[in-house]
Protein chains: 2
Amino acid sequence: MSTEPSQAVAAPAQRWRSYGPLTLHPILQHAMEAFNEHGYHGTSVREIAGRVGVTVPALYYHYENKQALLSTLLETSMRDVLDRCRAAAEEAGDDPLPRFSGMVESIVLYMAHRKGLAFLDTEIRSLEPANRARYVALRDYLEHMLLDTVQAGIRQGTFTTPIPADAVRAVLIMCQGVANWYRESGSLTAEEVAERHVLLSLGTVGYRGAFSGEAVPAPRPRGATRRRQA
Amino acid sequence: MSTEPSQAVAAPAQRWRSYGPLTLHPILQHAMEAFNEHGYHGTSVREIAGRVGVTVPALYYHYENKQALLSTLLETSMRDVLDRCRAAAEEAGDDPLPRFSGMVESIVLYMAHRKGLAFLDTEIRSLEPANRARYVALRDYLEHMLLDTVQAGIRQGTFTTPIPADAVRAVLIMCQGVANWYRESGSLTAEEVAERHVLLSLGTVGYRGAFSGEAVPAPRPRGATRRRQA
DNA sequence: GGGGACTTACTGAGCGTTCACTAAACAACG
DNA sequence: CGTTGTTTAGTGAACGCTCAGTAAGTCCCC
């Protein structure tokens, strides 16, 4: 275990990169796992209760119903990725290239580090209309943030895609896809996957320098880079 | 506008581009629609029967069980897209650029024209292990076809991505994503969406000419190009 | 009259949810 | 300190309903 630098105000600039172990109410934690294994409709409240180690009514003491479990999980997740993406964008400043790169990196890091939550995105269909509307609004906001940056890059001449809206959608879809295939036991760390997706995304938006030498021009400070052993 | 060579035997070379109305056994058709609306576990056999307009046992006369409906649908779909992609690759020949472009085009055309079937991909989780294994094997085969072509393009110097396997996965994910957001009532035809995704994909695999002038170098013959009115 | 394409009528199991009730912890006060 | 009132976090049993699936009978056409 690495010794955390004891600080009063905990490095605000890098907060979007740091991922501690996921701390969720045990009920949410187990609901998340069950939903990911069998889907929302494929999971019974009895199974969730069984995983938590309590009886069914105990679930209803803490959450209104099964739907509230899914809705809470999805909204928590979307708000977290949005916050981190916003933080990454702020840190990068107004220059479209590092700004776009940082946003993509933050999103992919989330998809890998919070795979369990991110993968629940496949369950939006099971949200009741009101809950779904709130979720989709957050997701659209994320898309607009990215699109604004790509369009700025086009005006500047950095990005050359003639179809920015399609490119942004494609980028978001490929980032979201990380939550589907990424395995913690795989050969790449979350950070490496993020780096690669920055590269792929830059190609998708038509950044000319994407595949020549240094793709991400701003080297990022790293304390105690984690490396996997296998 | 190029003149099509008139052929008696209904253009076999273009068969991967042509999409008639989807003809499926009514039971499969309605199962597909129900699965897409509520998911596999969210759909009851009663609902499927109700949509078809028959009683529940009539379903069991034609199909072994609910799982067989999903499995049949998914495998039919995957085989169709594979066949079309293979046909597109054959038609394009060995040159990696048109070959890759044709494959991507064929896949995206499928995702848009057969959205209902393609969208079922989200339900693989609900396949029993044996059925899932068969489906995944087909999907992996498609991925390898694309990867071979991209690697050939890299050897040739046409594609420049340093991470071809990641690029191919990303391309397939963004193609699959079309089935999620494409609407027939939208502003783009399936053909236009396919064209755009060829462009995006070329950027993703690091094709340098992707965003300068003619992106898809082989102009394709088109008889009676359909245009949407809105 | 024989078989294909259904129907009616039903089963046991499981679903989300709610009921009435309680053990343990805590706060306030005489 | 000991009692009382209240809150937190549960329990076991059961509700009404729906689930996937089936046994046996019926219609109809070749």
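The chains referred to below are lettered A, B, ... by the order of the sequence lines, with proteins before strands, and numbering in each begins at 1. Every value quoted in this text rests on a predicted model; they were computed, and no experiment measured them.
Between the side chains of B:Thr204 and A:Thr204, at least one donor N or O sits under 3.5 Å from an acceptor N or O.
Scored by the ring-ring contact (aromatic ring centres under 6.0 Å, His included) test, A:Tyr19 finds A:His113 as partners (sequence neighbours excluded). Residues satisfying the side-chain hydrogen bond (donor to acceptor under 3.5 Å, both in side chains) criterion with A:Asp80, sequence neighbours excluded, are A:Arg84. Residues passing the side-chain hydrogen bond (donor to acceptor under 3.5 Å, both in side chains) test with B:Asp83, sequence neighbours excluded: B:Arg86. Partners of B:Glu143 according to the side-chain hydrogen bond (donor to acceptor under 3.5 Å, both in side chains) rule, which considers only residues two or more places apart in sequence or in another chain, do not exist here. Looking at residues two or more places apart in sequence or on another chain, you find no side-chain hydrogen bond (donor to acceptor under 3.5 Å, both in side chains) involving B:Asn36. Residues passing the side-chain contact (heavy atoms from CB on, under 4.5 Å) test with A:Ser77 are A:Tyr110, A:Leu117, sequence neighbours excluded.
Taking 4.0 angstrom as the limit, B:Tyr61 places a side-chain polar atom (N or O) nearer than this to OP1 or OP2 of C:dA5. When the side-chain nitrogen and oxygen atoms of B:Thr55 are compared with OP1 and OP2 of C:dT7, one or more of them lie within a distance under 4.0 Å.
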Donor-acceptor contacts, no H, no angles, side chain residues 47-57 of chain B, under 3.5 Å, sequence neighbours left out:
residue: B:Glu47; atom: OE2; partner: B:Arg51; partner atom: NE; Å: 3.1
residue: B:Glu47; atom: OE2; partner: B:Arg51; partner atom: NH2; Å: 2.9
residue: B:Arg51; atom: NH1; partner: B:Glu37; partner atom: OE2; Å: 3.3
residue: B:Arg51; atom: NH2; partner: B:Glu37; partner atom: OE1; Å: 2.9

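Between B:Leu28 and the choices B:Leu73, B:Thr76, B:Leu22, the side chain to side chain contact (heavy atoms under 4.5 Å, CB included) rule is met once, by B:Leu73.
Per the geometry, OH belonging to B:Tyr63 stands 18 Å off C1' belonging to D:dG21, to the nearest Å. Taking atom CD1 of residue B:Ile27 and atom P of nucleotide C:dA5, one finds them 11 Å apart after rounding to whole Å. Distance B:Lys66 NZ to D:dA20 C1': 8 Å, rounded to the nearest Å. If you take CG of A:Leu69 and C1' of C:dG16, they are 12 Å apart, rounded to a whole angstrom. Regarding B:His25, its NE2 atom lies at a distance of 13 Å from the C1' atom of C:dG4, rounded to whole Å.
Sorted by first then second residue, the salt bridge (charged side-chain N to carboxylate O under 4.0 Å, His left out) pairs that include residues 167-178 of chain A, not counting sequence neighbours, are A:Asp166-A:Arg169. Residue pairs that meet the salt bridge (charged side-chain N to carboxylate O under 4.0 Å, His left out) test with at least one member in residues 110-123 of chain B, sequence neighbours left out, are A:Arg125-B:Glu123.
Residues of residues 37-47 of chain A having a heavy atom closer than 4.0 Å to DNA chain C, listed by number: A:Thr43, A:Ser44, A:Val45, A:Arg46.
In DNA chain C, runs of at least 3 consecutive Watson-Crick or G-U pairs, each pair with both distances below 3.5 Å, span C:1-30 with D:1-30.
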Between N or O atoms, less than 3.5 Å apart, protein on one side and nucleotides 18-21 of chain C on the other: list the pairs.
none

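Comparing C:dT7, D:dT11, D:dG21 against the side chain of A:Ala58 picks out D:dT11 as the nearest.
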